[in-house]
Amino acid sequence: MDKSVEEKWQRKWEEAKVFEADPDEREKFFITFPYPYMNSAPHIGHAYTLSRVDVIARFRRMLGYNVLFPFAFHATGATIYGVAERLRKGDEDQKRALLVAGLPEEEIENFKDPVYIANYWRRIWERVLRKFGVSVDWRRKFITTEMFPPYSKFIEWQYLKLKEMGYVYKGTHPVVWCPNCKSPTGNADRIEGEEARVVEITLIKFKIDDLVLPTATFRPETIFGVTNLWVNPDHEYGIYLLGEEKWVLSDEAAFKLKEQKKDIRPTGERIKGRDLVGKKAKNPVNDTEIIILPAEFVDPNEGSGLVMSVPSHAPYDYAALLDIKREAKKLSSEYGIPKIEIERIEPISIIDLSSEGFGEHPAIEICAEMGIESQREVEKLEEATNKIYKKEFHKGVMKVEPYNGIKVSEAKVEVARNLISSGKAELMYDLSEEVVCRCGTKCHVKVIEDQWFLKYSDEDWKQKVLDWLDAMEIYPEEARAQMRNFVLELRDWAFTRRKGLGTRLPWDKEWMIETLSDSVIYMAFYTIAKHVNQGIGAEQLIPEVFDYVFLGIGDPSKVSNKSGIPKEKLLEMRREFEYWYPVDLRGSGKDLLSNHLVFSIYHHVALWPIDKWPRAYSVNGWVLFEGEKMSKSRGKVINLEEAIEKWGSDLVRITLASSGETLDDVDFREENLRTFESRLRRIEEYIELLGKMKGREIGRAERYLISRLQRNVKEATEMLKKTMTRSAMVRILFNPMNDLKWYFKRVGGIDKANGEVVRECLKKIVLMLCPYTPHFSEEMWSKLGGDGFASLQKWPEPDYSKINEKIEEQERLLSSLIEDIKEIKGLIESRGASTKKVKIFVASDWKYQTLSTLREKRNKEEVIKELMSMEEFRKRGMEVIRLVERLFKEETLPIITREEEIEMLREASDFISKETSLEVEILSEEEAKEEKELNKAKQSIPGRPGILLL
RNA sequence: GCGGGGGUGGCCGAGUCUGGCCAAAGGCGUCGGACUUAAGAUCCGAUGGCGUAGGCCUGCGCGGGUUCGAAUCCCGUCCCCCGCACCA
């Protein structure tokens, strides 16, 4: 599509303010796209979701809705801020990344200012989106953060509201922390340990008098099976004060605990691991004396640096025990432990795993099975540990009091809770694997204090969200379950950050409201953004204004006095909000499924009554380019503006919007784009050829074409209502084009086609394409002599009365007849014979009678009985029965009558002749004479005449 | 680990809820033909295998089962993808 043509229509739309939406008497449709983050230019990934949203917006507009599609820009968060900061520090990698992404060199200096960055991309976004032809009402644009103070006022109002309602509280929580960057380290900020998670470890306090030996474990329930403790003899431990208690800890563990806000102080005393060996500690659950033994597998970096030994259920412990026993003599002399103390250690079985075929000591069994004999067989031990851990966790049952009979998975939680609450254990956080920050520093878990939380765990609140999730429309349907489960698992949300751009928490200015939390209800802001942009100052946007406009609380005169906003304006804003809200459809990528979209429901549910909650969500997958994942790091992101320059907006739009409609990722391929290009070109050709189409008749072929078109219109309409932009495309473009092709062939050439019928057909196709290819459609619409903008035409209404099942069936029968003839012809000719003529025998009348009897009865015996009661059938005997048997196998019985079939074939005989290059003769079964003819004629059934090739 | 979703023809992708019209829509690709000096584009046709008459065989991850009949329902099994919070 010619670029200048696209620009022409964009200009015309703008001049005519086609997409500026204000309240009126029509039914409204409010559609939104999550505002994009301003750290890059739009790429085809954005454009995919965007094209789908715009298709729906334009479709709804054509359906007669007053459609509002606004747009805004998101700048909240630490990413933009981080880019600027890294540039200020002279980070070359950052600079290179920006240049690779296409940023002009001279902008680098400017990019040291985060506000500049956001504004820079924002200008580009708006420019590109206009080129993309999205039907946005730009009067309502805005950007988040304190860059645009009215927005901050809006956010402040929201959080004051939530606090008032008791949904906000202050607490602590653990994060993965980089001590160098002094900030939490998200998955994307890590060179190592992207999958790492914060895990909870129980530190169980064994004691030697008042000295605490905390052993770290993931399996607190095994405390009942402890036979000894393990210490690394070569390691030096420190003695720390934890509150009132004296703890033996590796220094690493002490550091971790300190970062986790435990009250921990060094005493300066040190103790060697080997000095602990042979000592006896008390098991806190039963006061038994537990001997401390040396083991080299104990890693001071993990947990506390001390471990309890449960050889019955932990392969490592059993393997170490084997080592120890083997060297009992040596140990005895080295550490002065009586040999007997070592020899008499016996595994204590506490978990029943017989359901999995294990006996008393699963760890021993698996070690034997895998041939593990020493703690040095690390690889095997890891595998064995994993296996046993999983099996016991899922299938194991406790067999010691007071947990006898309880599943391990439950006992584990119980035991830990009881130990901790009775002061016999402490909770410690650790990482499931090592994490290294992008800056190269090793990370650990830090507990952040004074953090502000949104109480998403609140039962009533959560329940309301779940209920609404069941009630609202979600496309595709499978997204619903995902969101639902996310809500069920959702804990409280830490919604403030120390760093980045955003809006400050109004009552605690040290904190910024984080990026997902300031974007939950901003769709409401669109409804008034137009007025704000016309000159309402941030200082006028006092909470009372929002209370009134969004919630209808307060007296407009008083609010006007206090805020200085004219009362009329306030009333208008209120009316506008009432008119547009709620959001009718929010279309997004699947990345927002398990966060933003859910949070948005949460906040709507909290602040508004049910009639303002979001009506529908539509979610789609990512875009691959030529089968490959786009990735910023590899510089393989397809910039939207470049794509538009290269291919034109319409082709990019239609290719994207037609590429998918589910959560699966889609593939953007140039070859697909070329397909659309060729189909569009063909439409244009057909339009140009309209003058040559001289047919006047409305015959079978025309009725078929019209019927098929109506069917496609109907299906496309239904699909677009469900945001199925891909499935709809098949009905809008591919099917109709194939039908037209058939039609032209059927009537014997373009010049014989009925121009008026084709024109109507093309008009409908052009209009239905308009949401996808608005520029092209506008251009074709004017070529077709249509009035006004195609974008503002009425969406073709399916005319059910023109859907003609009979005609469709007849054309189907015709086409399969031709296929059959061709197949036979091919077979004959493949052996060198030639063909010249086809005789077509329409079935005898009694066969049609059989068919209609069959259709009424649907029961073989009855049908046969009834037919056999008639002399005419009886005399045919087996022939009738065979036919009934055969028809019974056909699931769809033709609805055609004999007369219709004959008429259809007569009418189409020239066509058949042309298609098969054979002379055609239509006969009835009774007209068959010689044996060859009789044989073939006999095979005829209704809808499927006998064929004889000569 | 927990949760969600999948495995369909050379590829992408419908169909699965509501079993039969499904050798399986649509698109891509491939092959043959037309056009062209040629290539490309475009158009026409074919595209699971076999087949001297419209048929037959195989087939929707794998193995079983239910049924007159299964891509569709049930059981088992293997494999793959996505999310899991301080990244937006």
Side-chain angles (χ1 to χ4, degrees), chain A residues 34 36-39 74 76-80 82 173 175-176 183-189 195 197-199 386 389-390 393-394 432 448 451 456 476-486 488-497 500 514-517 519 590-596 621-622 627 658-660 662-667 669 671-672 674-679 681-682 685 726-727 729-731 733-735 738 741 745 809 812 816-817 819-833 888-894 932 935-936 939 944-949:
Chain A
Y37 189 62
M38 291 298 110
N39 70 334
H74 200 201
T76 311
T79 307
I80 295 173
H173 82 134
V175 295
V176 180
S183 70
T185 310
N187 293 6
D189 301 331
E195 304 293 304
R197 280 189 303 278
V198 173
V199 292
N386 256 324
Y389 181 97
K390 267 186 211 169
F393 182 81
H394 290 289
S432 58
I448 306 238
Q451 174 62 262
Y456 288 155
E477 185 56 42
E478 64 254 38
R480 194 190 302 277
Q482 255 178 78
M483 295 174 82
R484 192 184 161 75
N485 281 296
F486 174 73
L488 286 171
E489 299 291 312
L490 187 57
R491 307 195 301 268
D492 293 345
W493 184 261
F495 75 96
T496 53
R497 298 285 181 277
E514 64 88 38
T515 175
L516 286 162
S517 301
S519 59
K590 63 182 172 186
D591 48 334
L592 301 186
L593 205 68
S594 300
N595 46 59
H596 165 75
W622 309 123
S658 307
S659 62
T662 67
L663 296 181
D664 291 328
D665 295 346
V666 305
D667 196 3
R669 311 190 90 106
E671 66 199 26
N672 292 347
R674 295 296 170 209
T675 302
F676 286 111
E677 187 180 31
S678 86
R679 295 300 195 285
R681 191 178 305 145
R682 201 179 308 166
E685 281 164 17
R726 177 194 174 97
S727 303
M729 174 52 55
V730 174
R731 277 80 184 169
L733 186 61
F734 295 118
N735 288 350
N738 288 342
K741 202 161 104 180
K745 195 157 83 174
E809 180 188 55
R812 260 199 311 275
S816 65
L817 173 66
E819 268 169 39
D820 286 347
I821 297 172
K822 279 184 179 170
E823 189 184 345
I824 299 164
K825 186 172 184 248
L827 281 171
I828 293 173
E829 287 176 355
S830 71
R831 61 174 201 262
F888 243 97
K889 281 189 199 149
E890 306 279 326
E891 199 38 43
T892 29
L893 298 169
K932 256 190 349 193
N935 275 341
K936 296 304 169 191
Q939 287 182 28
R944 195 155 188 248
I947 301 166
L948 175 66
L949 258 74

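The chains referred to below are lettered A, B, ... by the order of the sequence lines, with proteins before strands, and numbering in each begins at 1.
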Exercise. So, A/Glu677 and A/Arg674, do they make that salt bridge, N to O below 4.0 Å?
Worked result: yes
For this session: Taking atom P in both B/G13 and B/C81, compute the distance separating them and give it to the nearest angstrom.
Result: 15 Å
Exercise. A/His74 vs A/Tyr37 aromatic rings, parallel, tilted or perpendicular, using cut-offs 30° and 60°?
Worked result: perpendicular
Exercise. Applying a 3.5 Å limit to both distances, which nucleotide forms a Watson-Crick or G-U wobble pair with B/G19?
Worked result: none
Exercise. Any side-chain N or O of A/Arg674 less than 4.0 Å from the OP1 or OP2 oxygen of B/G27?
Worked result: no
For this session: Nearest whole angstrom, please: distance from the C1' of B/C87 to the CE of A/Met38.
Result: 16 Å
Problem set entry | Phosphate OP1/OP2 of B/G27 contacted by A/Asn738 side-chain N/O (<4.0 Å) | yes
Problem set entry | Options B/A41, B/G26, B/G51, nucleotide nearest the side-chain atoms of A/Arg681 | B/A41
For this session: Provide the distance between the two C1' atoms, one in B/A41 and one in B/U36, to the nearest whole Å.
Result: 11 Å
Exercise. To the side chain of A/Lys741, which of B/C28, B/G54, B/C44 is closest?
Worked result: B/C44
Exercise. The side chain of A/Asn672 lies closest to which of these nucleotides: B/G45, B/C28, B/A88?
Worked result: B/C28
For this session: Taking only the side-chain heavy atoms of A/Glu478 (C-beta and beyond), determine which of B/A88, B/A53, B/G5 contains the nearest atom.
Result: B/G5
For this session: Say whether A/Gln451 and A/Thr496, considering side chains only, have a donor N or O and an acceptor N or O under 3.5 Å apart.
Result: yes
Problem set entry | Identified pairing partner of B/A46, criterion: Watson-Crick or G-U wobble below 3.5 Å | B/U30
Problem set entry | A/Ile824: which of A/Ile821, A/Ile828, A/Leu827 passes side chain to side chain contact (heavy atoms under 4.5 Å, CB included) | A/Ile828
Problem set entry | Options B/C28, B/A25, B/G54, nucleotide nearest the side-chain atoms of A/Thr675 | B/C28
Exercise. What nucleotide, of B/C43, B/A53, B/C28, holds the atom closest to the side chain of A/Leu948?
Worked result: B/A53
For this session: Round to the nearest Å and state the distance from A/Arg812 atom CZ to B/C21 atom P.
Result: 13 Å
Exercise. So which nucleotide does B/G69 pair with, by the Watson-Crick or G-U wobble rule with both distances under 3.5 Å?
Worked result: none
For this session: For nucleotides B/U58 and B/G7, find the distance between their P atoms and express it as a whole number of Å.
Result: 24 Å
Exercise. Stacking here means centres under 5.5 Å and planes under 30°; does A/Phe734 stack on B/G27?
Worked result: no
For this session: Take atom NZ of A/Lys825 and atom P of B/G51, then tell me their distance rounded to the nearest Å.
Result: 20 Å
Exercise. Taking the side chain of A/Asp820 as its heavy atoms from C-beta onward, which of B/G54, B/A88, B/G13 lies nearest to it?
Worked result: B/G54
Exercise. Are OP1 or OP2 of B/G45 and a side-chain N or O of A/Lys745 less than 4.0 angstrom apart?
Worked result: yes
Exercise. Got a second to check how far A/Asp664's CG is from A/Lys590's NZ, nearest 0.5 Å?
Worked result: 6.5 Å
Exercise. Applying a 3.5 Å limit to both distances, which nucleotide forms a Watson-Crick or G-U wobble pair with B/C84?
Worked result: B/G1
Problem set entry | G-U wobble or Watson-Crick pairing nucleotide for B/U36 (cut-off 3.5 Å, both distances) | none
Problem set entry | Presence of A/Ser594 side-chain N/O under 4.0 Å of B/C84 phosphate oxygens OP1/OP2 | no
For this session: For A/Ser678, answer base if it contacts any base atom (sugar-phosphate contacts may also be present), sugar-phosphate if it contacts only those atoms, and nothing otherwise; contact means non-hydrogen atoms under 4.0 Å.
Result: sugar-phosphate
Seminar exercise, completed: Against the side chain of A/Leu949, the closest entry in B/A53, B/A88, B/G4 is B/A53
Seminar exercise, completed: Tested for side chain to side chain contact (heavy atoms under 4.5 Å, CB included) against A/Trp622, the lone hit among A/Asp665, A/Val666, A/Leu663 is A/Asp665
For this session: Would you indicate which nucleotide in B/A53, B/C12, B/A85 comes nearest to any side-chain atom of A/Arg726?
Result: B/C12
Exercise. Does A/Thr515 place a side-chain N or O at less than 4.0 Å from the phosphate oxygens OP1/OP2 of B/A88?
Worked result: no
Exercise. For B/A53, does OP1 or OP2 lie under 4.0 Å from any side-chain N or O of A/Arg944?
Worked result: no
